[in-house]
Amino acid sequence: MRLMVFFDLPVKLRTERRAYAQFRRFLQSEGYDMLQFSVYARLVNGNDDMEKHVKRLCANLPPQGSVRYLQISERQFSNMKMLVGEASFQEKKVNASQLLLF
């Protein structure tokens, strides 16, 4: 399963930029990979792990802006099509077929 996080945070004021940076660092420290700007995703191992990471996400939300999450299966994630650009090195390195070993 994958947990995808989408966010749109204000960055006009210094405090807003700080909140943005803290939230982004939190996502990176929790093992989320950036798919695009403001779109991060991480692997989760089952529903219990999903609930744990959603609780951590909710505990570290910024005070303003819009943050959403979506849980999808590996099959759904692997069916995602890239219309413009190329997959990042990280995406090429870990694909869905490799995850079946775990």
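These values consider heavy atoms only, across backbone and side chains, with no hydrogens, waters or symmetry-generated copies.
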Novice: Quick check on the hydrophobic clustering: are Leu70 and Val39 connected, directly or via other members, by side-chain heavy-atom contacts under 4.5 Å?
Specialist: yes
Novice: Rounded to the nearest 0.5 Å, what separation is found between the OG atom of Ser78 and the CZ atom of Arg2?
Specialist: 9.0 Å
Novice: Tell me every residue that passes side chain to side chain contact (heavy atoms under 4.5 Å, CB included) with Ser73, counting only those two or more places apart in sequence or in another chain.
Specialist: Arg75, Gln76
Novice: What's the shortest heavy-atom distance between Leu9 and Gly65, and which atoms?
Specialist: CD2-CA, 3.9 Å
Novice: Does the side chain to side chain contact (heavy atoms under 4.5 Å, CB included) test come out yes or no for Met1 and Leu43, once each step is laid out?
Specialist: CA-CA 6 Å; Met1 294 181 97; Leu43 290 167; over 6 Å; no
Novice: Quick check on the 6.0 Å ring-centre criterion: do Phe6 and Tyr69 meet it?
Specialist: no
Novice: Before giving the answer on side chain to side chain contact (heavy atoms under 4.5 Å, CB included), spell out for Leu3 and Val54 the whole-Å C-alpha distance, their side-chain angles and the decisive distance to 0.1 Å.
Specialist: CA-CA 8 Å; Leu3 176 61; Val54 168; 4.2 Å; yes
Novice: Taking all non-hydrogen atoms of both residues, which atom of Glu16 and which atom of Pro10 are closest, and how far apart?
Specialist: CB-O, 3.2 Å
Novice: Out of curiosity, does Phe26 fall in the hydrophobic cluster containing Val11 (side-chain heavy atoms, cut-off under 4.5 Å, transitive links)?
Specialist: yes
Novice: Nearest 0.5 Å, what's the CD1-CE distance between Ile72 and Met80?
Specialist: 6.5 Å
Novice: What heavy-atom pair brings Arg42 and Tyr32 nearest, and what distance separates the two atoms?
Specialist: CG-CE2, 3.5 Å
Novice: Any donor and acceptor pair, going by atom type alone, linking the side chain of Arg17 with main-chain N or O of Lys12 inside 3.5 Å?
Specialist: yes
Novice: For Met34, check side chain to side chain contact (heavy atoms under 4.5 Å, CB included) against everything at least two apart and list the hits.
Specialist: Arg24, Phe37, Tyr40
Novice: Report the distance from atom CZ of Phe7 to atom CG of Leu57, rounding to the nearest 0.5 Å.
Specialist: 10.5 Å
Novice: Name all pairs fulfilling the salt bridge (Lys or Arg N to Asp or Glu O under 4.0 Å) condition that reach into residues 50-71, sequence neighbours left out, sorted by first residue then second.
Specialist: Glu30-Arg56, Asp49-Lys52
Novice: When rounded to the nearest 0.5 angstrom, what distance separates OH in Tyr20 from OG in Ser38?
Specialist: 5.0 Å
Novice: If every non-hydrogen atom of Leu35 is compared with every non-hydrogen atom of Phe77, which pair is closest and at what distance?
Specialist: CD1-CE1, 3.9 Å
Novice: First locate atom CD of Glu86, then atom CE of Met82, and finally report the distance between them rounded to the nearest 0.5 Å.
Specialist: 8.5 Å
Novice: If you group Ile, Leu, Val, Met, Phe, Trp and Tyr by side-chain heavy-atom gaps below 4.5 Å, do Met4 and Met50 land in one group?
Specialist: no
Novice: Out of curiosity, Asn60 CG to Phe23 CZ, how far, rounded to the nearest 0.5 Å?
Specialist: 8.0 Å
